[in-house]
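What you see below is based on every heavy atom in this structure, not just the backbone, and it leaves out hydrogens, waters and symmetry mates. Not measured: the values here are computed from a predicted model.
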Amino acid sequence: MKIKIGQIGIGHNHGKMKFYAFKQFPELFEVVGFSEDNPDWLEKRGDLDVYKGFKNYPVEELIDMCDALIIECDVKNLTKYALMCVKKGKHIHMDKPASGTLSEFKEVLDIAKEKNLVVQMGYMYRYNPAVLKTFELIEEGKLGEIYSINAEMSTFHPKKYKEWLTTFNGGIMYILGSHLVDLIVYIMGEPDRVTSYLKHTGLDGVDVCDNNLAVLEYGNSLARIYVSSVEVNGWGRRQFMVSGSKGTVNIVPMENPCTMTYSDLAITDTHYEDKKVICDIEDVPKDSRYDTMVSAFYEYIKGTKENPFTYEHDYLVQKVLYEIIGGTN
């Protein structure tokens, strides 16, 4: 049986492609329409081809019509609309990062848990084939005790985007760093200590945190997150490296193309040579970036698959993210 789904908001940077992704699974979802009452977003994105043929409903009406909602409004309102949906008993795919205070986000998660509703956060790297392979290697003990994680996610953003980032504490660390916090917390849990270096380059005359580093301490282990809006070819250096007592995995770039290498003590039998194997990982085309996430959302709702990213995990991700940026947005 198909799940009736609609999209609240078109202002999120992932909104257009999320709507497109759900449309690619007509055997799973009946896409009802969308809701957007902000005239600025309607002017900028309302006429995009992806929304043609779909009605713009009042938000309350859309929620009542649907079994599940895709929440893709501008970041500052994500939690507000998520709360409206779960109070009405609706499953949600909520884009990232969460907004509002920790207590507000916790209310969303608590209500969803009480009502057995699916909350799927829009962290697409959870479904990246190389990241999933890394999780598998860790669970199998192939990497041993994890000592180090190095995670980078940068871009060279235009001035207009950086001006938008001034809306948020932490700037680009809040928007992109959240993806990396999600993966690190999934592997390592809550850190013992968080130290942040949030720098303002002032490039293009924009005063924003655009050159950022965070260090998460776990006993004898370290996780480093570097996120920048001023790195030329930052996309090509997006990286997730996990190193332990038995082996190292390195994913760089993380997508388009997704390239993963693996080394263990048998492969790396000398100390001063680069010895590794290239893993056979299927790349994900740009227009299919969210396909695995969308199909997983269906399975979570139907109960044929359990969401490994629990309510408690999602809360902890937001908590650690707020510690990194120095407060809520």
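Taking the six-membered ring for Trp and thresholds of 30 and 60 degrees, His179 and Tyr123 have ring planes more than 60 degrees apart, a perpendicular arrangement. Between Phe297 and His93, the angle of the ring planes goes over 60°, which puts this pair in the perpendicular group of the 30/60° scheme. Using a 30° and 60° split on the angle between ring planes, Tyr161 and His157 fall in the parallel class, below 30°. Note on ring orientation: taking the six-membered ring where Trp is involved, the planes of Tyr51 and Phe34 are tilted (angle from 30° to 60°).
A salt bridge is absent between Lys142 and Asp264; no separation between the charged side-chain nitrogens and carboxylate oxygens falls under 4.0 Å. Electrostatic pairing of Lys113 and Asp110 does not count as a salt bridge here, judged by no charged N lying under 4.0 Å from a carboxylate O. The pair Asp210-Lys199 fails the salt-bridge criterion, with no side-chain N (NZ, NE, NH1 or NH2) lying under 4.0 Å from an Asp/Glu carboxylate O. Under a 4.0 Å N-O distance rule, the pair Arg45/Glu36 does not qualify as a salt bridge. Ionic pairing of Glu152 and Arg238 is not present here: no N-O contact between side-chain nitrogen and carboxylate oxygen is shorter than 4.0 angstrom. Using a cut-off of 4.0 Å between Lys/Arg side-chain N and Asp/Glu carboxylate O, Glu27 and Lys2 are scored as not salt-bridged.
More than 12 heavy atoms of other residues, nucleotides or ligands lie within 6.0 Å of CG in Asp269, so this atom counts as buried by the packing criterion. For Glu140, the CD atom sits in a packed shell: over 12 heavy atoms of surrounding residues, nucleotides or ligands are nearer than 6.0 Å.
Thr261 and Asn250 share no side-chain donor-acceptor pair at under 3.5 Å. No side-chain donor from either of Ser154 and Ser228 sits under 3.5 Å from a side-chain acceptor of the other. Of the N and O atoms on the side chains of Asn211 and Tyr226, at least one donor lies less than 3.5 Å from an acceptor on the other residue.
Taking every heavy atom of both residues into account, Val86 and Leu117 meet most closely at O-CD1, 3.6 Å. Nearest heavy-atom pair across Ser99 and Lys76 is OG-O, 3.4 Å. In terms of heavy atoms, Val75 sits closest to Pro97 at CG1-O, 3.7 Å. The minimum heavy-atom distance between Lys90 and Cys66, with the atom names listed, is NZ-O, 2.7 Å.
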Apply salt bridge (charged side-chain N to carboxylate O under 4.0 Å, His left out) to residues Glu72 and Lys16 and explain how you reach the verdict.
CA-CA 9 Å; Glu72 296 291 334; Lys16 176 182 75 171; over 6 Å; no
Before giving the answer on ring pair (Phe, Tyr, Trp, His ring centres under 6.0 Å), spell out for Phe135 and Tyr186 the whole-Å C-alpha distance, their side-chain angles and the decisive distance to 0.1 Å.
CA-CA 9 Å; Phe135 291 161; Tyr186 184 72; 4.6 Å; yes
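Note that Arg126 lies in the cation-pi zone of Phe309, set by a 6.0 Å cut-off to the ring centre and a 45° limit from the axis. Judged by the 6.0 Å distance and 45° axis criteria, Lys305 is not positioned over the aromatic ring of Tyr300.
Close placement of the Phe54 and Phe19 rings is indicated, their centers lying within 6.0 Å of each other. In this structure, the ring of Tyr125 has its center no less than 6.0 angstrom from the ring center of Phe240.
When the ring-ring contact (aromatic ring centres under 6.0 Å, His included) test is applied to Tyr127, no partner is found at least two apart in sequence or on another chain.
Judged purely by atom type and a 3.5 angstrom limit, Asn212 has no side-chain atom pairing as donor or acceptor with the backbone of Leu198.
Put simply, the residue from Ile138, Asn128, Ile281, Val249 that forms a side-chain contact (heavy atoms from CB on, under 4.5 Å) with Lys133 is Ile281.
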